[in-house]
Amino acid sequence: MFASLVTRWPRQLMALTAMVAMVPIGEVGAHSEFPTIQSMVSIDDKQQGHWLLATTFGLLDTIDAGKTVQWRCEAAYGKDSPAMDASLVRLPGGLLVATGGKLFASKDGGCNWSAVTGSLGDRWVWQVQRTDAQPKNAWMVAAKPGQTQSIWRGDPFASDGLKPVYQTQEHELRRLRFAASKPGTIRALAWLKGQVTETSLLASDDDGKTWALKKLTGVPGFLQLLPIHPDNPGILHVHAINDDIHHSVWRSSNDGKSFDKVLALKPIVTLQAGIWQAGVGGPVLLVGGLTGGLWRSVDGGQHFEAVANAPQIGCLARLDDGLYACSNPYIDGPALMRSDDAGLSWSAVLCFDTIDGPRTCNGAQSVEAACTEEWPELAKRLQFSNEGACGSGQAGQGDAGGGEDGFHDSGGATPDVGQAGDAEVLEADADSTTDAPPTTVKPDNDGCTASPSGASPSAWLLLWTLAWLSTRIRRRRDPLSR
């Protein structure tokens, strides 16, 4: 099987190997994950370009859209396990980050953090979320291993705090999806404990007051719900994973009653992110992955075209006036890129080797000392190239996209895709194309170079990487296992 994989997907495997080669073998503890951005949030309505970014090695702060960047180490919020799915939201009272199964809050712009417990107790917290319709409330899924899983809503900075709005002992829950065109409409996927392919759609049409479960049929595999269509809450898309390496996208136009396959990717080509963005002719659905490049639909998610030369996609989000992607620094050079044309072309914004150093905060002495001590070694790891500065970070006029921000499901490593050859032709669509096939422009890396020089692939590294990718997917299926 290994020889077959090497023969059929050399570009993907070589790119995966380049990433692995940069991580010291046997390294454990802090920063053992590949350095990537996982989520981002704008933290100042009065100052565009003031962002906080959650990464696998701590938090990054910029006040000028990536021109200058400072780092805050993980000791600031006491994280004691690798961040696979760090997520950030901003509420009126401060910032929240969910990482390593815990929820932390900051009232000073991300300098100092404290664990949020209260009514949550010792529950494991899955991604924290917020909707544009309810900017004062956070939503999250919380769980106790082997016991109940629950959906929580509220503001931990307010007196009434967080409260559960749904609980189940029979099902495992994942990320919530909110309908922008119909506030109060919420959808999520739930599957029977221990049976990840027995999936149901959990639905609320009254902002979480009541919930209903309906079993999904006709879509095989482990499923993840993509963002809801911004204009039609009945149009849903799910990302399906079969045998760990086969990824596809399925579409429903009747709120989950039936589904049709609309995108099938070749083995190892994965998806991690999706978002609806405003386009010239209407909403554009973008889906991408760290081994899948970027795919684009201009007809409501019925057909997809690959975006040539697109960055590898770990997450997609809107900040201020633009669309941004967490790209792959090992392959793309930049770690953050921006698009002003609904995903057709991308420009560099931020490279890890341009981080200035630790952020100065009035925190506990032990935290400040830990950040200062960790920085020199981390800085070496982040020097992917010596080709100068990355990205101007200058804000153009991006599309004011509709719907919620893109999903992020980390797990998966790299390669250079962005070509139609990485999708399988669906039988029903063999002769069909989108109304306006996208023209693409090669991303401007602005001084960032791509993969690190001197990476020497070897067979055992390829095997190690494939095993790592498989493990990440399995851990994503059962977040309580870590």
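Keep in mind the model is a prediction, meaning the values are calculated, not measured. Excluded from the calculations below are hydrogen atoms, water molecules and symmetry mates; all remaining heavy atoms, backbone and side chain alike, are included.
- Take Trp113 and apply the side chain to side chain donor-acceptor pair (under 3.5 Å) test, not counting sequence neighbours, and it matches no residue.
- Remark: side-chain polar atoms of Ser339 are not paired, donor with acceptor, to backbone N or O of Leu323 under 3.5 angstrom.
- Although no hydrogens or angles enter the test, the distance criterion places no donor-acceptor pair under 3.5 Å between the side chain of Thr62 and the main chain of Trp51.
- Of the charged side-chain nitrogens involved, at least one lies within less than 4.0 Å of a carboxylate oxygen, so that Arg338 and Asp321 count as a salt-bridged pair.
- Between the side chain of Thr291 and the main chain of Ile268, a donor-acceptor pair closer than 3.5 Å is present.
- With Ser39 contributing its side chain and Ala86 its backbone, the two residues share a donor-acceptor pair below 3.5 Å.
- Counting only distance, with no hydrogens or angles, the side chain of Ser252 and the backbone of Ser258 share a donor-acceptor pair below 3.5 Å.
- Every residue two or more places apart in sequence or in another chain that forms a side-chain contact (heavy atoms from CB on, under 4.5 Å) with Val165 is listed here: Trp139, Ile151, Arg153, Trp211.
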Distance-only donor-acceptor hits, side chain of residues 226-235, under 3.5 Å, sequence neighbours excluded:
| from | atom 1 | to | atom 2 | distance (Å) |
| --- | --- | --- | --- | --- |
| His229 | ND1 | Asp231 | N | 3.0 |
| His229 | ND1 | Asn232 | N | 3.2 |
| Asn232 | OD1 | Gly234 | N | 2.9 |

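- Interatomic distance, CG of Leu60 versus CD1 of Ile355, reported as 4.5 Å (0.5 Å rounding).
- Listed by chain and number, the residues in a side-chain contact (heavy atoms from CB on, under 4.5 Å) with Asp205 are Thr185, Arg187 (sequence neighbours excluded).
- For residues 40-55, the salt bridge (Lys or Arg N to Asp or Glu O under 4.0 Å) pairs, not counting sequence neighbours, are Asp45-Arg90.
- Residues satisfying the side chain to side chain donor-acceptor pair (under 3.5 Å) test with Thr197, not counting sequence neighbours, are none.
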